[in-house]
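Worksheet: the structure to be examined is printed underneath.
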2 protein chains.
Amino acid sequence: MTYHHGNLRKVLLDRAAAVIAEEGIEALSLRALARDIGVSHAAPARHFKDRADLLRALATEGNHRLLAYVLAAADAAGTDPLVRYNALGQAYVRFSLEFPAYYRTITHPEVAAEADEELRQSRESWHRIITDAARKAQDAGWLPDEDVEDIVIFSTATVRGIAAMLGDPMQERLPGGPERDAFIERMVRLIIDPAAPQKSRNGNDRNKRKNK
Amino acid sequence: MTYHHGNLRKVLLDRAAAVIAEEGIEALSLRALARDIGVSHAAPARHFKDRADLLRALATEGNHRLLAYVLAAADAAGTDPLVRYNALGQAYVRFSLEFPAYYRTITHPEVAAEADEELRQSRESWHRIITDAARKAQDAGWLPDEDVEDIVIFSTATVRGIAAMLGDPMQERLPGGPERDAFIERMVRLIIDPAAPQKSRNGNDRNKRKNK
DNA sequence: GGGTTAAAGTTGCCATTGACAACATCGGCA
DNA sequence: TGCCGATGTTGTCAATGGCAACTTTAACCC
């Protein structure tokens with residue numbers, strides 16, 4: 001073994017993600033991590049100030065991955081705002097299932113990741129995709145003419161809630177296996193349904209609109 | 001001090017809730033708890049097998065409190081299914097803000113509380129309130145005629161997501177202070193709007209209904 | 001090339017913690 | 001009254017996070 005490991009930081013992050021996926025965040029131990037990798041118990045300290053710092057780094061990376069994942073899904077869905085939005089929402093939930101370690105770290109209440117400029121831009125894109133969809137749905141007259149900002153938050157909260165419930169061991173009545181994708185599709189469609197533009201959803205009172 | 005403390009179990013739970021509210025779950029230490037209360041470091045072990053056991057008990061109590069809280073709010077709201085539902089949803093979010101320690105414990109991914117019969121009945125009530133509201137909204141023709149079960153899950157996920165976002169330090173653009181109640185009201189209204197029964201929401205195609 | 005230096009990894013140490021065992025005390029009950 | 005189980009106590013151990021002091025390596029400058 002080389003005295004200088006070389007890319008210990010990345011190895012630590014990857015192994016930490018694996019441990020979290022298998023045993024949860026609480027089970028993550030810096031010393032166990034070091035043992036697994038084959039370095040001394042104090043080696044991680046060179047890269048992460050303390051345990052919380054490692055989790056924060058993990059959350060930062062997770063945020064980048066999540067946003068890249070959902071934005072890629074939206075882009076792959078084409079140009080229709082409603083379809084793009086729908087793909088975004090479904091991708092969010094799927095990310096939480098495919099990369100539970102990152103997702104749990106991101107949403108852990110006691111891990112606050114720093115948001116760099118790149119992340120802020122990604123969030124802007126996220127915001128715009130939902131805004132565009134909400135506007136189109138409102139123009140078609142089948143989404144309530146509430147503040148578009150509200151729709152963005154509402155929509156984000158809902159996908160978050162779906163992800164939370166699917167990842168919650170207490171929830172037993174939720175579909176798993178092959179039915180799960182269809183379930184996710186239905187849930188996201190309940191926010192904004194891209195296949196029902198001719199239908200009306202709630203509130204045709206156009207002058208109530210508050211988005212600026 | 002009496003050798004026999006008497007109600008150490010309850011004191012431990014209460015103090016634990018206070019610590020969690022102030023410093024988070026990770027900061028909870030059985031020994032520190034014992035020190036605070038003025039009891040030996042091994043005393044908690046008589047009431048809780050280990051740290052996870054205490055958290056589980058806390059989550060169980062939290063679940064009972066949460067359900068009592070939201071069901072009381074629904075009952076106080078009267079008999080109209082839509083109004084009852086609305087009160088339930090808002091109460092859920094408010095609970096997460098008023099009792100963050102219980103809420104965080106309940107939703108902590110690594111704390112699985114046991115569900116006794118009483119809790120199961122409360123959940124049934126919860127379920128029925130949402131079902132009734134969804135049915136009425138569908139009969140009025142302004143909620144998509146999806147499976148009612150889906151509406152229940154969707155609705156639960158959304159309030160959970162709103163609570164999660166309001167409790168998330170990463171979210172900065174969310175209203176706090178006096179505007180927060182109005183915000184919660186708007187969010188829950190976006191699921192089912194009790195004040196808009198004359199409007200249509202999505203899908204009047206009655207024969208598409210799937211609830212059994 | 002050789003020496004300097006800073007980054008990265010190591011060993012050693014300490015306080016805190018969770019968990020367990022053995023012991024002490026209290027209260028209820030036969 | 002005397003027994004006994006519930007409850008609390010002291011003592012101990014291994015694991016952990018975090019810090020300090022030391023060592024090795026690679027890169028850089030001359």
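Labels below follow one simple rule: chain letters A, B, ... track the order of the sequence lines, proteins then strands, and each chain is numbered from 1.
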Self-check item: Residue closer to the 5' end of DNA chain D, B:Val39 versus A:Ala32 (nearest nucleotide)
Solution: B:Val39
Quiz item: Under the 3.5 Å rule, do the base of C:dG18 and the side chain of B:Arg51 count as making a donor-acceptor pair?
Solution: no
Quiz item: Using 4.0 Å as the upper bound for N to carboxylate O, is an ion pair formed by A:Lys136 and A:Asp80?
Solution: yes
Quiz prompt | Atom-pair distance (CD on A:Glu26; P on D:dG17), nearest Å | solution = 13 Å
Quiz item: Would you say a side-chain N or O of B:Arg35 is under 4.0 Å from OP1 or OP2 of C:dT17?
Solution: yes
Quiz item: OP1, OP2 of C:dA7 versus side-chain N and O of A:His47: anything below 4.0 Å?
Solution: no
Quiz item: How long is the line joining CG of B:Asn7 and C1' of D:dA6, in whole Å?
Solution: 15 Å
Exercise. Name all pairs fulfilling the salt bridge (charged side-chain N to carboxylate O under 4.0 Å, His left out) condition that reach into residues 159-169 of chain B, sequence neighbours left out, sorted by first residue then second.
Key: A:Arg160-B:Asp168, A:Asp168-B:Arg160
Restricting to nitrogen or oxygen on both sides, can you table the protein-nucleotides 11-14 of chain C pairs closer than 3.5 Å?
unit_1, atom_1, unit_2, atom_2, d
C:dG12, O6, A:His41, NE2, 2.9

Exercise. With sequence neighbours left out, write down each residue that passes ring-ring contact (aromatic ring centres under 6.0 Å, His included) with A:Tyr85, or none if nothing qualifies.
Key: none
Quiz prompt | Spacing of B:Arg9 atom CZ relative to D:dT7 atom P, expressed in whole Å | solution = 10 Å
Practice problem: Please state how far atom CG in B:Asp53 lies from atom P in C:dG18, giving the value in whole angstrom units. | Solution: 14 Å
Self-check item: Length of the CG-P vector between B:Asp50 and C:dC20, whole Å
Solution: 8 Å
Self-check item: Phosphate OP1/OP2 of D:dA15 contacted by A:Ser29 side-chain N/O (<4.0 Å)
Solution: no
Self-check item: With sequence neighbours excluded, residues passing side chain to side chain contact (heavy atoms under 4.5 Å, CB included) with B:Gln121
Solution: B:Glu117
Exercise. Of all the heavy-atom pairs spanning A:Asp53 and A:Phe48, show the shortest one and how long it is.
Key: OD2-CA, 3.3 Å
Quiz prompt | Rounded distance (Å) that lies between atom P of D:dG18 and atom CG of A:Leu54 | solution = 11 Å
Which atom pairs, one a donor and one an acceptor, fall under 3.5 Å between side chains of residues 178-185 of chain A and the rest of the protein, sequence neighbours left out?
unit_1, atom_1, unit_2, atom_2, d
A:Glu185, OE1, A:Arg189, NE, 3.4
A:Glu185, OE1, A:Arg189, NH2, 3.1
A:Glu185, OE2, A:Arg189, NE, 3.1

Quiz item: In whole angstrom, what separates B:Leu12's CG from D:dG8's C1'?
Solution: 12 Å
Practice problem: Rounded off to whole Å, could you give me the CZ-to-P distance for the B:Arg46 and C:dA24 pair? | Solution: 14 Å
Quiz prompt | ring-ring contact (aromatic ring centres under 6.0 Å, His included) partners of B:His47, counting only residues at least two apart | solution = none
